[in-house]
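Here the structure is laid out as structure tokens; the discussion comes afterwards.
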Amino acid sequence: MRLSYPADIKIIQVPCTGRVDILHLLNAIEDGADGVYVAGCLEGECHYIKGNIKAKKKVEYVKKTLAEVGIEPERVQMFNLSSAQGARFAEIANEMVDKIKELGPTPIKKNHAA
Amino acid sequence: MSDLKSGSNLEKVLKAGHFAFTGECGPPKGADVEHLKEKFQYLKGNVDAVNVTDNQTAVVRMSSLAASKLMIDEGLEPNFQMVTRDRNRLAIMSDILGAYALGIRNMLCLSGDHQTFGNNPQAKNVHDIDSMQLIALVKKMRDEEKFMNDEDIDVAPKMFIGAACNPFADPYEYRVYRLANKIEAGADFIQTQCIFNMDKFRDFMKKAVDMGLHKKCYILAGVTPMKNAGMANFMSKFVPGMDIPASIIKRLKGVDKKNQAEEGIKFALEQVEEFKEMKGVAGVHMMAIEWEHMVPEIAERAKVLPRPVV
Amino acid sequence: MIVADQKSLKEILAMVKDNKKILIVGCKGCVTVCNVGGLKEVEILASIMKIARKKQGNDIDIDIKVLERQCDNEYVAEISDIINDYEAVISLACGVGPQFLSEMYKEKIIYPGLNTTFFGGATEHGVWEERCAGCGSCAIHDFAGLCPIARCAKSLMNGPCGGSSDGVCEINKDTVCIWDTIVQKKIKAGQLEDLIGVKGLKNWRTARDGGPRRSIREELVQGNI
């Protein structure tokens, strides 16, 4: 399968989404990322039992916290798919990029650069 | 006369063996004395004493002490309610002395609805002492003529001490023992929570009688006539500690809406008739909530008039 | 432990709205255990505050430091070399922390980042409940090992009141009627007689009502050694 996904995305691999930390997500936004999303296994199919559920809760926390300071919570998302769903991976990447384009650049970046 | 604890009308009526009939009146949300006096007129001569509620449901109203005094001025006998929610022991003792000085002779000792329910949920709740300890305190002030700290009182307040009892709260099996504790603490009379579940109350009274509690204390059964099925539904769902059997709501719903009030009164009258015969019950406490003008008719139809003069 | 909640971001951001450089100080004591003032929470707060200020186009410099405890002066002294680099300090500790900081660094503005709520413990991961009111004269052994002062909404010594229903307190469905629990436990143990009779008035002098309190362990006071 030679599926293409947008070059806008930088992939950071972790052994399990349970390893994803609230700080990873916040620091990405703080450092100027327009959006960040977590791609975890399908719910109920975590190899470490509940890693993806924990990640989901952390993503929800970050969305809520960002909303409190006026950042669009949609800039942070969680998706679930299996490692066999290559096409779905590309589809999600496009979906996320479209969403971010719709929202526009992060309000953080320009100040950060200044 | 000398063996009377307070000499209040309520005490005399009960001591003489009459079936007591007490009423209730909530002070206004304001200082509208005229409206209060109007409500008094419906109660005057139809009851032996009138409970004056103390910021009931934790909603601020005219003080029960002031309203009790206004009641005395109109020729009625108040049963001054005091909750421990809003006063520490200093305020409690000073209000007891003040109440006695103003001619108040009956007191109902309560802990009070939690302020969460009222219109000032931000308030600090005091609860320096609880209702059980309040009973013991009023008794100590009366019988030992001492304050809680054992200092002497010059002229001691001689109160007829009342307490509440809710046989419908949990844990049920403990409720009769808690009643016994209140009597041991010094309660002379008990007014129960509004009774709707007659089966449960019969069972409760049997237990109380088996323990001999009715011989140590006068137990007045609480009755509230329902105005309509909606009120029954509301009380069942939202008033803590209420036990309203589905059959009562069904009975009210079973009649035309305009006749529901009459049906509610009929049920209350049936209750009064049963309480007159029920072993251990010394009277009825009629809580016609915001329905004071119906009390003359209810008293008449309950055949408790005229009230005895002792 | 002492349990606390973080203040709202809105409140914290308003406190430091005029500051450009601040220090957030965490505490490795109770508030680390209840996940509200440890290293992780300090880092998260710093990050979200920077995000918020960048968005306003009003960047803020935030450094962080987590002390062993904020309720012992020897640890509070650890920031003496750096504290003057900052306009203000946010303390993520119980109410003791910001006061020890204020007392040692008298010129510095110290903001509380937490609301201290109660003495309690975790009943499950992420859920803490109150157990103690710090009244200064423990009598839980008189109440089947459970405290009605801290856990009854009316602090009744002679409960349960008429608002107890199905083991739940009248104030809300999530609050256990501790008096129901006490009575049930006593009945089960065949010790109902312990609940017969009136428990006397509580002496509140040992509680906060007697004024601010102080504990002295003579054998530990330096001057005595």
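On a predicted model such as this, the values are computed, not experimentally measured, just so you know. Below, chains carry the letters A, B, ... as their sequence lines are ordered, and counting in each starts from 1.
Taking both residues in full, the closest heavy atoms of L9(C) and T65(A) are given as CD1-CG2, 3.6 Å, listed atom of the first, atom of the second, then distance. Of all non-hydrogen atoms in K55(C) and G70(A), the two that sit nearest each other are CE-O, 2.9 Å.
Shown here is R213(C), whose CZ atom has more than 12 heavy atoms of other residues, nucleotides or ligands within 6.0 Å. By the 6.0 Å contact criterion, NZ on K56(A) is open, its count of non-hydrogen atoms from other residues, nucleotides or ligands being 12 or less. Annotation: E107(C), atom CD; neighbour count of heavy atoms from other residues, nucleotides and ligands within 6.0 Å does not exceed 12. The local environment of NZ in K20(C) is crowded, with over 12 non-hydrogen atoms from other residues, nucleotides or ligands closer than 6.0 Å. Within a 6.0 Å radius of CD1 in I82(C), other residues, nucleotides and ligands contribute more than 12 heavy atoms. Dense packing is recorded around NZ of K108(C), with more than 12 heavy atoms of other residues, nucleotides or ligands lying under 6.0 Å away.
For the pair I29(A) and I48(C), the minimum side-chain heavy-atom distance is 4.5 Å or more.
Here the CD1 atom belonging to I44(C) is positioned 10.0 Å from the CG atom belonging to L25(A), to the nearest 0.5 angstrom. The structure places CD1 of I51(C) at 7.5 Å from CG of N27(A), a figure rounded to the nearest 0.5 Å. How far NZ of K54(C) is from CD1 of I108(A): 7.0 Å, rounded to the nearest 0.5 Å.
For the pair K50(C) (side chain) and E30(A) (backbone), a donor-acceptor distance under 3.5 Å is absent.
I22(A) touches chain C through its side chain: at least one heavy atom from C-beta onward sits under 4.5 Å away, while N, CA, C and O do not.
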